[in-house]
There are 2 protein chains.
Amino acid sequence: MLIAEVSDKFDLSQDTLRYYERIGLIPRVNRNKSGIRDYTEEDCRWVEFVKCMRGVGLPIEVLIEYVELFQQGDETLEVRKQLLVEQHKQLLSRMEEMKTVMERLQYKISAYEQTIGEKEKTLNRTSP
Amino acid sequence: MLIAEVSDKFDLSQDTLRYYERIGLIPRVNRNKSGIRDYTEEDCRWVEFVKCMRGVGLPIEVLIEYVELFQQGDETLEVRKQLLVEQHKQLLSRMEEMKTVMERLQYKISAYEQTIGEKEKTLNRTSP
DNA sequence: CTACTCCTTTGAGTTAACTCCAAGTCAAGC
DNA sequence: GCTTGACTTGGAGTTAACTCAAAGGAGTAG
């Protein structure tokens, strides 16, 4: 698969794809005889994985570390698992924070509705 | 309240507090006769509000707009409410995304546990 | 062969959100 | 009166995460 197709498929610019590879956010992609990137299925899965994880804010350094560990083989299974567990935990606590903020927003919204409702009542009383 | 206290209270650097004010993320804080910021209770509530909302990723521009609308008075009640409703919606969809990512992580973690478990069995079989 | 398009690399530029710095002011302590 | 320290301002510097640009190679169309 060429970079243009991967770019379309995952809605990431070619520059971003090259950048991700450069900094080790995905493993190095093979080139064909003329030096052009040829993404395998597995490369695509990495791209998709990274896009997904970045999308919810997992730090780049963590993902880079994950790729590095992955490339070191089976000895790092446990460490990789721990890394995922830690990120899962982080996501959970961020979600909890978001939940309380959403409740706060909802409270404020209700207060606005209340206020607006009262304004309208006043208006109806004063304008015949 | 002096900037140093506000800085401590909300764990934001003085630079950040000044920056927030400069870009309109909080309304302008009054200065005393010698030009030094003197935060009122309301200023503090703004700081806390902004810190909270930024913490879950509400965009700065949106918050700036909210402050502007607020300062325009009661005519903007409805618009402000809509703005909050929209942000509430955004948070909800981000939370849904995070939830599916967390499920995915959990799935991966289980797969790791499985694999590691099998490795150990093999080890136990081969080492007396 | 020439032109064109798509890719390559290296390195520089951009944007957001701070963060730091220099020069200056003011009030308090000695 | 001088020093100290916390503050002021405007503006420059930093970092992360892209994003763009310049220079060049490979393969295809005319």
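Keep in mind that this is a model prediction, so the values were computed, not measured. Residue numbering restarts at 1 for every chain, and letters A, B, ... go by the order of the sequence lines.
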- request: Quickly work out the A/Gln14 CD to C/dT5 P distance and round it to whole Å.
  value: 15 Å

- prompt: Contacts to DNA chain C from residues 30-48 of chain A, heavy-atom cutoff under 4.0 Å, which residues?
  reply: A/Arg31, A/Gly35, A/Ile36, A/Arg37

query: Please give, in whole Å, the distance from D/dG11 C1' to B/Ile23 CD1?
result: 16 Å

message: Distance to the ring centre below 6.0 angstrom and angle to the axis at most 45 degrees; does that hold for B/Lys51 and B/Tyr20?
response: no

Pairs under 3.5 angstrom only: tabulate donor-acceptor contacts from the side chains of residues 52-74 of chain A to other protein residues two or more places apart or in another chain.
unit_1  : atom_1 : unit_2   : atom_2 : d
A/Arg54 : NH1    : A/Leu58  : O      : 2.7
A/Tyr66 : OH     : B/Tyr112 : OH     : 2.7
A/Asp74 : OD2    : B/Lys119 : NZ     : 3.3

message: Distance check needed: C/dC6 P versus A/Asp8 CG, whole Å only.
response: 12 Å

message: Tell me whether B/Thr16 contacts the main-chain N or O of B/Leu12 through its side chain, where contact means a donor paired with an acceptor under 3.5 Å.
response: no

message: Would you compute the distance between atom CD of B/Glu113 and atom NZ of B/Lys108 and round it to the nearest 0.5 angstrom?
response: 14.0 Å

task: Please report the closest heavy-atom contact between A/Tyr39 and A/Cys44, naming both atoms and the distance.
output: CB-SG, 4.3 Å

message: Applying a 4.0 Å non-hydrogen cut-off, can you work out what B/Ile3 is touching in the nucleic acid: base, sugar-phosphate, or nothing?
response: sugar-phosphate

Salt bridge A/Arg80-A/Glu86, side-chain N to carboxylate O under 4.0 Å: no

field: Worked verdict on B/Glu48 versus A/Arg104 for salt bridge (Lys or Arg N to Asp or Glu O under 4.0 Å)
entry: CA-CA 12 Å; B/Glu48 194 274 330; A/Arg104 181 169 178 177; 2.7 Å; yes

- request: May I ask you to evaluate whether A/Arg18 reaches the phosphate of C/dT9, defined as a side-chain N or O under 4.0 Å from OP1 or OP2?
  value: no

message: If I take atom CD in residue B/Glu21 and atom C1' in nucleotide D/dT8, what distance separates them, rounded to the nearest angstrom?
response: 11 Å

field: Residues from residues 86-97 of chain A lying under 4.0 Å of DNA chain D - heavy atoms
entry: none

statement: To the nearest angstrom, the CG-P distance between A/Leu2 and D/dA26 comes to 17 Å

query: In chain order, what residues pass the salt bridge (Lys or Arg N to Asp or Glu O under 4.0 Å) check against A/Lys9, with sequence neighbours excluded?
result: none

query: Which pairs count as side chain to side chain donor-acceptor pair (under 3.5 Å) when at least one residue sits in residues 26-35 of chain B, sequence neighbours excluded?
result: B/Glu21-B/Arg31, B/Asn32-B/Ser34

- request: Determine whether B/Trp46 and B/Glu42 make a side-chain contact, defined as any pair of heavy atoms from C-beta on separated by less than 4.5 Å.
  value: yes

Hey, what are the protein-to-nucleotides 16-21 of chain C N/O distances that come in under 3.5 Å?
unit_1 : atom_1 : unit_2  : atom_2 : d
C/dC18 : OP2    : B/Tyr20 : OH     : 3.1
C/dC20 : N4     : B/Asp15 : OD1    : 3.2

message: Between A/Thr76 and A/Val79 (side chain of the first, backbone of the second, donor and acceptor by atom type, cut-off under 3.5 Å), is there such a pair?
response: no

